[in-house]
Amino acid sequence: MVIPFLPASNLFFRVGFVVAERILYVPSMGFCILVVCGLQRLASVGRQSASELRGINHGELKTDFECPDNVVNSKLHKVVLFSVFVLIGLFCCKVVVRNRVWSSRETLFRSGVETLPHNAKAHYNFANFLKDVGKNSEAIQHYEAALQLAPDHVSAHNNLGTLLDNNEEAMKHFYQAIKHDPYHANSYFNLGTRMASLKRLTEAERMLQEALRINPTYFDAVLNLAGVMNDQGKVDEAEGFYKRALSLQPRNADAYNNYAVFLGKMGRTKQAFEQYHAALQLNPKHSVALVNMARELRAAGNIHEAEKVYKRALSIKREPSTLQLLGVLYYHDNRLNEAEVAWKEAIGLDPSNIDTRSNYAILLGRTNRLNEAVSVLKGLVLDDPHNREHYKTLSGMYAQNGQINQALQIIANAFNVCGGDADLYFHQGNLYKDLNEMQQAKKSFQKTLQLDANHFSANLNLGVIFHLEGNYADARSHYETAFKLDPSNSVLKQNLAKLKRLEMSEIRKRTR
């Protein structure tokens, strides 16, 4: 019994677990043999006694003092037999109960935690299961429990870091994993991707390079490093890593898709389409590649083909984001009814999508359904109160409806909640201009230029106000600034010509 158990006993080398039923299968054979031998011995005693009793009944000569022992042994036989059946029944019940534990991964791992609440491995295994099924909050709790019991558990640090929203906390766990295992490539990779998301690109590049030094065939690290290189403007290096990813996994559709996106951004449209087609040959249902290809087609002006590809992606899965993009295509193609249908479906699938709701509100305003547009935008302001664009759009709807004072109130609310930016002050200035309150408009445009001196429209509008006030010097100053920003603007050219005539007129008056 002992010898078969020794390899799994953790005495001579670590086997990675503390308690496991499977390691007792072979050792239990000896125990079962001993039980059977014992039962057989007891049964043989009972059978011998029973045969002796049958001999007495057939007239065989037996002394009187042997009969009581024979009766006792007969009873013993019955007791043994009954006990065996009871034991088998109890074991059957235990098997049924234990089988419930093995009915699913969740019950199995949960049982491990309940049986061994102070075992780090049990908490780690259960956390992995919870992570796989998307129960991230519970997974975090069990990873933390595992780390309390085993602070040097490398994989627990790494996996916990991937689940945390707080970047600093997540990176702290990745660093801890690397501290305890400097050759843990996954921790370098996860740290690198988290740094990339924070635009700490130089550090991200270094971490991803380290992951590749440890594991040169780490496909995800190669692909992410290509993106980081591209974001840093290292175009040649980025392309080299995209090609390396394709050499590592030449039948990986994601690699072709990512390379295609890169080529599209580089303006190499023909090559981009070749890579998209390669991705779709490998995986005809690669909806991400289809959506990216449709975007490229739309950017190239091929609206009809882009629409077909969007619809093909939607035939695979009705993704709200794809419906949003299809609606944008329809909107800019002046197919407003089709845009509305697409955006309504997208909102039905994902009512929280801010971009789709905002676009739908703009469409309602464009089709003069201003009350509906205002209702949608008020909802957006409530759900996303720190987004200045919602206030601007809502204010614009009120202005479109001739409700300028209400529009100004919305802008005032935006200042209170979000603070001001150049565009918000410019929008306020336009509203004051519509009310013919030029002094207030001038103040708003001046605040715009304090925040963004190169704001073309604010310079143009201030130039117009100073022009009308007869302040030709300030008017020229703002016109000339605007001209540097957009020398082809026809309105600006006309205003400069008018200003020049007025200036010449003033000069002639002074010389008389």
Side-chain angles (χ1 to χ4, degrees), residues 16 124 127-128 131-132 136 139 143 147 152-266 268 271-272 274-276 278-279 281-283 286 288-289 292:
Y124 172 74
N128 282 344
K131 178 174 176 279
D132 290 343
N136 292 345
Y143 280 132
L147 290 170
D152 60 346
H153 198 306
V154 174
S155 295
H157 276 296
N158 177 67
N159 292 3
L160 176 57
T162 64
L163 294 181
L164 294 173
D165 292 327
N166 185 300
N167 291 310
E168 292 304 318
E169 283 295 313
M171 289 192 290
K172 183 177 76 174
H173 283 288
F174 296 139
Y175 279 121
Q176 282 295 312
I178 292 166
K179 175 185 174 182
H180 295 298
D181 182 1
Y183 297 97
H184 197 262
N186 284 351
S187 296
Y188 286 105
F189 169 77
N190 288 325
L191 182 57
T193 55
R194 188 63 70 110
M195 287 175 167
S197 71
L198 297 173
K199 302 302 180 186
R200 293 164 57 176
L201 300 178
T202 303
E203 296 169 275
E205 179 186 344
R206 190 170 67 251
M207 292 301 154
L208 292 169
Q209 291 277 22
E210 186 63 21
L212 284 175
R213 186 188 67 80
I214 296 166
N215 180 6
T217 62
Y218 198 155
F219 173 78
D220 288 337
V222 173
L223 211 52
N224 277 271
L225 188 53
V228 168
M229 292 292 192
N230 186 31
D231 290 342
Q232 294 180 91
K234 300 177 180 179
V235 178
D236 293 336
E237 292 95 327
E239 185 163 11
F241 279 108
Y242 281 121
K243 289 179 177 179
R244 180 174 168 182
L246 288 170
S247 68
L248 287 171
Q249 294 191 17
R251 298 194 61 77
N252 188 298
D254 290 339
Y256 287 98
N257 171 68
N258 289 8
Y259 187 32
V261 172
F262 165 80
L263 292 169
K265 289 179 179 177
M266 294 299 103
R268 294 155 63 182
Q271 291 173 275
E274 289 173 358
Q275 299 303 316
Y276 283 129
Q281 282 179 348
L282 291 168
N283 182 5
H286 198 303
V288 176
N292 288 335

Check step by step if salt bridge (Lys or Arg N to Asp or Glu O under 4.0 Å) holds for E239 and R268. CA-CA 12 Å; E239 185 163 11; R268 294 155 63 182; 2.9 Å; yes
Carefully, step by step, assess Q249 and N252 under the rule side chain to side chain donor-acceptor pair (under 3.5 Å). CA-CA 5 Å; Q249 294 191 17; N252 188 298; 2.7 Å; yes
Stepwise side chain to side chain donor-acceptor pair (under 3.5 Å) check, N230 with Y242: CA-CA 10 Å; N230 186 31; Y242 281 121; 4.8 Å; no
Would R213 and Y183 count as a side chain to side chain contact (heavy atoms under 4.5 Å, CB included) here? Give the steps. CA-CA 9 Å; R213 186 188 67 80; Y183 297 97; 4.2 Å; yes
L263 and E274: CA distance, side-chain angles, deciding distance, side chain to side chain contact (heavy atoms under 4.5 Å, CB included) verdict: CA-CA 10 Å; L263 292 169; E274 289 173 358; over 6 Å; no
Quick one: do H184 and I178 satisfy side chain to side chain contact (heavy atoms under 4.5 Å, CB included)? Show the steps, please. CA-CA 6 Å; H184 197 262; I178 292 166; 5.6 Å; no
Check against side chain to side chain contact (heavy atoms under 4.5 Å, CB included), V261 and M266: CA-CA 9 Å; V261 172; M266 294 299 103; over 6 Å; no
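In this structure, T162 and K131 have side chains that are in contact, with non-hydrogen atoms separated by less than 4.5 Å. By the 4.5 Å heavy-atom criterion applied to side chains, N257 and Q275 are not counted as neighbours.
For Y256 and Y276, the ring centers are positioned 6.0 Å apart or more.
Atoms CZ and CZ, on F174 and R194 in that order, are 5.5 Å from each other to the nearest 0.5 Å. Here L163 contributes atom CG and Y143 contributes atom OH; the two are 6.0 Å apart, rounded to the nearest 0.5 Å. Summarising the geometry, atom CE belonging to M171 is positioned 12.5 Å from atom CG belonging to N190; distances are rounded to the nearest 0.5 Å. Taking CG from L198 and CG from N167, the interatomic distance works out to 4.0 Å, rounded to the nearest 0.5 Å. The NE2 atom of H153 sits 7.5 Å away from the CG atom of L147 when rounded to the nearest 0.5 Å. Rounding to the nearest 0.5 Å places CD of E210 at 12.5 Å from CD of E205.
Closest approach of A196 and A204 over heavy atoms only: N-CB, 3.6 Å. Of all the heavy atoms in P216 and L248, the pair that sits closest is O-CD1, 4.4 Å.
Enclosure of atom CG in D132 by more than 12 non-hydrogen atoms of other residues, nucleotides or ligands within 6.0 angstrom is indicated.
Using cut-offs of 30° and 60° on the angle between ring planes, the pair H180 and H157 is parallel.
Using modelled atom types, one side-chain atom of Y188 and one backbone atom of P182 make a donor-acceptor pair closer than 3.5 Å.
Defined by atom type and a distance below 3.5 Å, a donor-acceptor pair is missing between the side-chain atoms of H173 and N159.
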